[in-house]
Each structure stands twice: as C-alpha cells, then as structure tokens.
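Read the numbers this way: they start at 1 and go in the same order the structure lists the ligands and their atoms.
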Amino acid sequence: MFDPSIPSRRSLILPATDETICQAAARLADGELVGLPTETVYGLAANAWDPSAVRKIFAAKSRPPSNPLIVHLASIERLGDAIAWPPPTVIRRQIDALADLWPGPLTIVCPRSERIPAEVTAGKTSVAIRIPAHRIAQRLLHVCPFPLAAPSANRSGYISPTLAAHVCDASGLGDWVSLVIDGGACVYGVESTILQLGDHPRLLRPGSITVAQLAARLGICPADLQPLGGDQAESPEEPIAPGMLREHYAPSTPLILLPLSSLRHGGGNAGEPSAQQAASGPSGRIAFRPLPVAERANYRIVETLSERGDLTEVARHLFAALRRLDGAGLAVIHCDTCESEGLGQAIMDRLRRAAARTQSLQKDSASKPEGR
Ligand code: TXA
Ligand code: MG
C-alpha cells in the first residue's frame, strides 16, 4: 500500500516521444505521478479516477486536502468522464458558448460526475475541468483511458513551474514524480482562467483568457463576472475557490511591487532601492521592459521580461524570472506592475499574492513600537 511519508524514486526528465508518452500513461495507470507540460504551467498528473493516486498529489505538494484539483480531459466529447451528464440546460448552453476556447487555458467549474472521487474535489459537489491545448498533454490524454487530475507541479504556495527542470529542482517534487515529460517552456506562463458556470457565472481566477472574452461569449456584462474581493474569497466557511489564498506563488525572498504611478512618472528613480533596503543586502529587479542604464545600476540582477513591455511576454517569463531571482541570494526583489485589466489582471493577481507575505511583514514591523 502507498505510504505518503515515503517519497518515490528520483525523477527523470524525458523528451516527448511515442515511447515516453506510452511509458507515462503506463505509470499513471499504475497509480504513479507524472510531470506534464501544458500551455499554462507544468502539471503534476495522476489518474483522476484513482483515489490513492490522487492522495499522492496532496502528499507531494503538501497541499491542504481542502483544496480541490483540476481534472484534465482530451476533448469536449469526454466531458461526461468528469462532470454530471447531461448538465443542467443553463450549463450546457454556457459550455456551447465557450466551446471555441477549447482546447486552451480555460477551466470551468460545474457539477461533478460520481466517477470523480471526493479526493479530487475536496468533497465539493462541483468539479473543475480543463482541456489543455499543449500537444504533449493532448497526446498523453488521448492515450490514457482516464482523465488526469493535475495541479501545478510546485510545492503548495511556491511559484508554479514553467520549465520541466522546475518540477524537479531543489524547491520541487523530484522525489515524488515518476517521470517528467519535457515540453520546453510554457507559452502562457500563468495558470488557466477559472470560470464557475451556472445561473450566476463568476470568474474564480483570472488567466490568459480574459473577462472580456468570456463575457462576450456568455452575453453578459464583464463587471458581472468579476471575482469576489480578496477577503470574501478567503474567509467564508466554504471558500468558492479554496486555492485562491491571499499569499500564494510566493518566493522566499521578500518581493516588493513598484507602484504603477512611480513607474510612469518616476523616471530613472522609479525602482531605486531605498537606503534601508540597500543596506540590508543586494537587490534584484523584475522589469517588464528594458530599464535605463542608470536605473539598472541599482540592482545586482535585472530580469527583463519583454523588450517591448508586451504583457503576453511578461506573463510567459514571469515565474521563471521570479524563481531565478529567488535562488540568487538577494535581500529583496523589486518588481514592475501593470494595469489590472485584460491579461494584466492575471499578472497582477499573481504578483499581489506573491508579495502578500512581504507586505504583511512590512505592516507588522511598521506597527511595532520603536526601541529594543
Ligand atoms: O493552468 C492550470 O490550470 C494548471 C495546469 C497544470 O492545468 N493547473 C493549476 O492547478 O493551476 P492548481 O491546482 O494549481 O489550481 C487549481 C485551482 C485552485 O485554486 C483550486 O482551489 C481551484 O482551481 N479549484 C479546483 N476545483 C475547484 C472547484 N470544484 N471549485 C472551485 N475551485 C476549484
Ligand atoms: Mg497551483
């Protein structure tokens, strides 16, 4: 029997060939975990119909059992493998209206099929479904006779992986995955958009598919889809999206977000470390576009995410840059920000969560009385 306290063997990163895809499918059928590239981030996959395989995901990630997983399917024709079939008419219509977005970075939440074990949905009556577009994920899903439960392949709370190596590095899950299929760098770089379907459809997590795209297809006003505010999303007894915690995607190094106003109007000094920060050690900078030379000089390392400030490129490169800076022995990371709209909504959502711990520490120290 599987003992979650005993990690499995060392992982293997393998190129995607017919042979390795079949090998991955066989390991999954045996109840093992596989690292899987998708167009958003790498996933940690298990057979979604196998409760003991699904429990390994929670053990590997140290994920709270109250945080449900996304179930990945090969195609829209396979929806009945995971959701209650036929779905209520309102949901059927919404699925039809959204169908051109699949395969792609859109996850829907709707009533679950009894075939999906309670471990996957954390006991909820709903299930989250995604049909990934990545050709390797597609190949594997077509070979597997079961759907794949797959959260992002990172330890709970850490930054999502956008390269195969991230899945197994020091911060990763190398001791738990049986193999990782290498699909290169993920093209979107932020996790899928999550939309809860039903009478009052609602955005649970912003992603590369924007609120405007969803609202246009559902024939509703974008404002009606907007997520609940942070506190509402976190504090109810049964949170709607249990994984959307205020502190998430967080590097170990303190992360400070530079206000948009200072980036626009501050010129060369916009991201300059304060005297106090400079004294505490070397700092790094995540810049959405190239910095002026004088400003670069303030930092030991600068990660430039896009030559043109293009948000698609910013999203694609953000997590890998955060991970590199987090491993560089810096005292602090400063990061650019953008308007929270369109793809910028997903970028700012991840950055706010990544910086939340630093912010609460700063608040705590500011509220402490001066003295010894
Ligand atoms: O892009 C993605 O979605 C990636 C790739 C691997 O597919 N997966 C991913 O999974 O981001 P994960 O586990 O890191 O995030 C899933 C989110 C969590 O916030 C979880 O709480 C939410 O989906 N979720 C899952 N099932 C849900 C449900 N039934 N109701 C509400 N939220 C749900
Ligand atoms: Mg995740």
Side-chain angles (χ1 to χ4, degrees), residues 33-46 48 54 57-58 60-73 82-84 102-113 116-134 136-138 140-141 147-162 166-167 173 180-181 183 186-198 201-209 227-228 233-234 236 238-250 315 319 346 349-350 353-354:
L33 306 183
V34 164
L36 175 69
T38 83
E39 69 277 26
T40 56
V41 300
Y42 275 73
L44 179 67
V54 169
I57 291 182
F58 286 87
K61 284 180 59 96
S62 302
R63 183 177 175 108
S66 56
N67 188 5
L69 306 174
I70 297 178
V71 175
H72 296 64
L73 301 171
I83 72 172
W102 288 302
L106 171 65
T107 295
I108 53 165
V109 172
C110 44
R112 83 174 164 104
S113 153
I116 296 296
E119 279 84 352
V120 171
T121 63
K124 280 171 158 290
T125 53
S126 62
V127 63
I129 301 295
R130 164 155 144 67
I131 302 167
H134 196 288
I136 295 170
Q138 275 288 326
L140 182 60
L141 283 161
L148 295 177
S152 51
N154 52 281
R155 295 227 182 108
S156 200
Y158 197 59
I159 306 157
S160 293
T162 52
H166 292 160
V167 180
L173 308 168
V180 180
I181 305 180
C186 301
V187 289
Y188 288 105
V190 288
E191 305 80 355
S192 60
T193 305
I194 305 183
L195 176 69
Q196 179 175 268
L197 300 185
R202 183 156 45 191
L203 183 75
L204 300 184
R205 179 173 73 186
S208 299
I209 305 269
L228 298 173
E234 282 165 42
E238 195 194 353
I240 298 171
M244 296 307 283
L245 304 175
R246 197 174 78 91
E247 295 178 19
H248 206 41
Y249 312 102
F319 286 160
D349 170 80
R350 306 309 189 271
R353 291 175 209 281

What atoms in ligand 1 come closer than 4.0 Å to a heavy atom of [X]?
X: S192; answer: 1 (O), 2 (C), 3 (O)
X: L204; answer: 31 (C)
X: E191; answer: 1 (O), 2 (C), 11 (O)
X: I194; answer: 17 (C), 22 (C), 23 (O)

Pairs of nitrogen or oxygen atoms closer than 3.5 Å, one from [X] and one from ligand 1: do any exist?
X: T38; value: no
X: S152; value: yes
X: R205; value: yes
X: T40; value: yes

[X] near ligand 1, heavy-atom distance under 4.0 Å?
X: R63; result: yes
X: Q196; result: no
X: N67; result: yes

Sorted by chain and residue number, the side-chain hydrogen bond (donor to acceptor under 3.5 Å, both in side chains) partners of Y188 (sequence neighbours excluded) come out as none
Checking S192 now: which residues fulfil side-chain hydrogen bond (donor to acceptor under 3.5 Å, both in side chains) with it, not counting sequence neighbours?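 For S192, the residues satisfying side-chain hydrogen bond (donor to acceptor under 3.5 Å, both in side chains) (neighbours in sequence not counted) are T107, R205.
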Less than 2.8 Å from the Mg ion (ligand 2) is the window; count the protein N, O or S atoms in it. 1
For ligand 1, which part of [X] has a heavy atom less than 4.0 Å away: the side chain, the backbone, both, or neither?
X: T121; result: neither
X: S126; result: both
X: H72; result: side chain

Those residues that, when tested against A133, pass side chain to side chain contact (heavy atoms under 4.5 Å, CB included) (two or more places apart): E39, P103
Give a yes-or-no answer on whether the side chains of R130 and T38 include a donor-acceptor pair shorter than 3.5 Å. yes
